[in-house]
Number of protein chains: 2
Amino acid sequence: MPRVTLADVSRHAGVSRSTASLVLNDSPTIPLSTKTRVRQAMAELGYVYNRQAATLRNQKSMAIGLAVTEVSNPYFAELAMALDDAAYANGYTVVVGYSRDDTERQDHLISTLLERGVDGLILLPAALSEATSIDRLLAGSRTPLVLLARHFNLAHDYVGADNRTGGQLLGRHIQSIGARTVALVGGPEYTSARVERTEGMKSVFDSAGIRLEPSTVLASETTPAGGAKATAELLDSGILPDVIVAYSDVIAGGIYAELHARGLEPGRDIAVAGFDDIPGSAQMIPPLTTVATFPNKIGTACAEMIFSRIADPEPDNGHEHVLIEPRLRIRASTASWRPRTPS
Amino acid sequence: MPRVTLADVSRHAGVSRSTASLVLNDSPTIPLSTKTRVRQAMAELGYVYNRQAATLRNQKSMAIGLAVTEVSNPYFAELAMALDDAAYANGYTVVVGYSRDDTERQDHLISTLLERGVDGLILLPAALSEATSIDRLLAGSRTPLVLLARHFNLAHDYVGADNRTGGQLLGRHIQSIGARTVALVGGPEYTSARVERTEGMKSVFDSAGIRLEPSTVLASETTPAGGAKATAELLDSGILPDVIVAYSDVIAGGIYAELHARGLEPGRDIAVAGFDDIPGSAQMIPPLTTVATFPNKIGTACAEMIFSRIADPEPDNGHEHVLIEPRLRIRASTASWRPRTPS
DNA sequence: CAAAACTACTGGATCGATCCAGTAACGTGA
DNA sequence: TCACGTTACTGGATCGATCCAGTAGTTTTG
């Protein structure tokens, strides 16, 4: 049996297709009596709205594309869910794809989302992707783009954490507990977030005389296992800093494990801190000091921005960067640490 | 400027729309010379394929809908990403939505996905959802449905872990370390997965004389904080079992924290085990014994099933249940525990 | 009471890719 | 040389909701 269309509904209700369509869109020009009659017909026939057809005619898909690297990182998961919440609240649907930090796959993904006619595109760029290739894909399309959590420069709309401030907050805290040497462990080789967090800390360290040598800045996969591996490398090189800062909290679990395996207790023998404040950071042993970056707020702000760009694609004020204020959560992993008294 | 259509391309290349369409689909009836000419025209004009239009004509959207409760649980995140991988490999796109374990939102989500004309629907049902309301939404549509990770009965296609076997594996291990009393902590009040895991363990416990009283089976949110809270309740009631089994590994982190807060060391004073083997379980302190359930395998199998249902919607052999074999990972959280010697 | 204004509704055209039946041009074999 | 086959291509109709210009009928107004 063929699918039930608006034409079938209108025939069954004794009106025209146009009228049935107006009822669907709850037009004020149709009296309630007619509306109920048409709606009844829809229910009786089991009518299902065909949004493809409407999209074709309207040039509006009521869908937003979300291209994100991955979601096994709970931080990104929170972002994606906050975006979905906002989309849902605004009647939009999310079409999603994961680049897995692969630029080729990201390019393919962006093309696919554009083919599907998404009204707006949100991109959490793969670690090594470049602005030019993304701009090339978007060229010609009027689909607004908002970058999420990572950015290239000021040439795109962007919503993310204020990583620099976050780095400063943590840097000042590290200074306040009397630490003299710091290592930075984990995270992808290069992302704007990592650079900004590091720069934020450095700006404090430099004026406080705290050492963060390039040799103690190690990249890793953003997983507990990656964190453990990078920590092993660090300790194998004979360096034992006062503080290890994890690029993100997921990595910190691995740092704890590797320290433990070597008889070092995090929070007592060495301070540890992270970024993001994912669920679980407060339940680590000891609880992890971290810079909360509020992925739900970022996701919500990002959704707001894309919706405003969909409504008005070319604002006068150029590209906008919205930075969500981070907040330091001091917990035992740094708070219970004491500097070794020079004997 | 209006969008570039196939008509524009064909005009520019000096062929008909039909020919341009055949080139798009790489038809063997078109000689290479014509193909290159048309493709050149596409490149020159910056043509972007409009899949909406094709979908309307074809009755095939090349999209699958994924309705999942949430993705902040890394287990579900892995599932979603494995599904996306398989979709990507088969030229499909994923349209996603999160029900957040809310049945109303789930219903809305399913309707939306059907409106969007997805070729297949994958559902990880909200904890309290019922088969009837889902069947009602799907009635009339020919969209195949596959349930993921949770199911109702045998009336739907389903892919998930073999939770019963997983429970048995863990149960036997618990028996082998000499434990006599067990508590089960965390997870939603009712899901098929929880029931099956519990039943699997019970079947071993009952014949081994191990006690798992209803009063030591506590539900919680599936987060570390939820696990901590449930553990506090358990211990507050004055019960100290030999083993605490977490419904899933995310919860185990909270169990560790709460035990620690009360001066109990997991793996020494009390054994702890979980389910899923998420990234991080091996880096817990002590490393967590768990039943690996391979979300990537489940996601892949689920994708395979939906694609075969899309190709052939009504197989003779009724509804299929595919269960992925779990595997026990024995680690220190149980392996280093010793029963208290009766003094 | 005629003109204007409003209410309730309608039919054809449209969005863009695809399918289908068909055609013109050319080559081949008896 | 003509029927037949093949190759390369074409134009109109189609999917289903929506827009637009328009119309019949009713009510209001000068």
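What you see below is based on every heavy atom in this structure, not just the backbone, and it leaves out hydrogens, waters and symmetry mates. Lettering of chains follows the sequences in order, A, B, ..., and the numbering in each one begins at 1.
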Novice: How would you summarise protein contacts on nucleotides 10-17 of chain D per nucleotide, using B for base, S for sugar-phosphate only and - for none, with heavy-atom distances below 4.0 Å?
Specialist: BBBBBBBB
Novice: Taking A:Asp119 first and then A:Arg142, would you say they form a salt bridge - that is, a charged N and a carboxylate O separated by under 4.0 Å?
Specialist: no
Novice: If you look at every heavy atom in A:Ser99 and A:Gln106, which pair is closest and at what distance?
Specialist: CB-CB, 3.8 Å
Novice: For A:Ile298 and A:Ala161, work out which heavy atoms get closest and say how close.
Specialist: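 For A:Ile298 versus A:Ala161, the nearest heavy atoms are CD1-N, 3.5 Å.
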Novice: Using a strict heavy-atom distance below 4.0 Å, which residues from residues 34-41 of chain B are in contact with DNA chain C?
Specialist: none
Novice: Suppose we call two aromatic rings close when their centres sit under 6.0 Å apart. Are B:His151 and B:His156 close by that rule?
Specialist: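 No, ring centres 6.0 Å or more apart.
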Novice: May I ask you to say whether A:Asp157 pairs ionically with A:Arg309, meaning some side-chain N is under 4.0 Å from a carboxylate O?
Specialist: yes
Novice: Is it true that A:Arg17 and A:Asp8 make a salt bridge, defined as a side-chain N closer than 4.0 Å to a carboxylate O?
Specialist: no
Novice: To the nearest 10 degrees, how far apart in direction are the end axes of the helix from C:dC1-D:dG30 to C:dA30-D:dT1, each fit to five base pairs?
Specialist: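 Comparing the first five pairs with the last five, the axes sit 50° apart.
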Novice: Is it the case that the side chains of A:Thr19 and A:Ser16 hold a donor-acceptor pair, with the cut-off being a distance below 3.5 Å and no angle test?
Specialist: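 Present: a donor and an acceptor within the cut-off.
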Novice: Would you check if the side chain of B:Thr34 reaches a backbone N or O of B:Ile30 as a donor-acceptor pair within less than 3.5 Å?
Specialist: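 Side chain of B:Thr34 to backbone of B:Ile30: no pair is present.
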Novice: With B:Leu154, which of B:Glu320, B:His321, B:His319 fulfils side chain to side chain contact (heavy atoms under 4.5 Å, CB included)?
Specialist: B:His321
Novice: Can you confirm whether the side chains of B:Thr93 and A:Arg116 place a donor and an acceptor under 3.5 Å from each other?
Specialist: yes
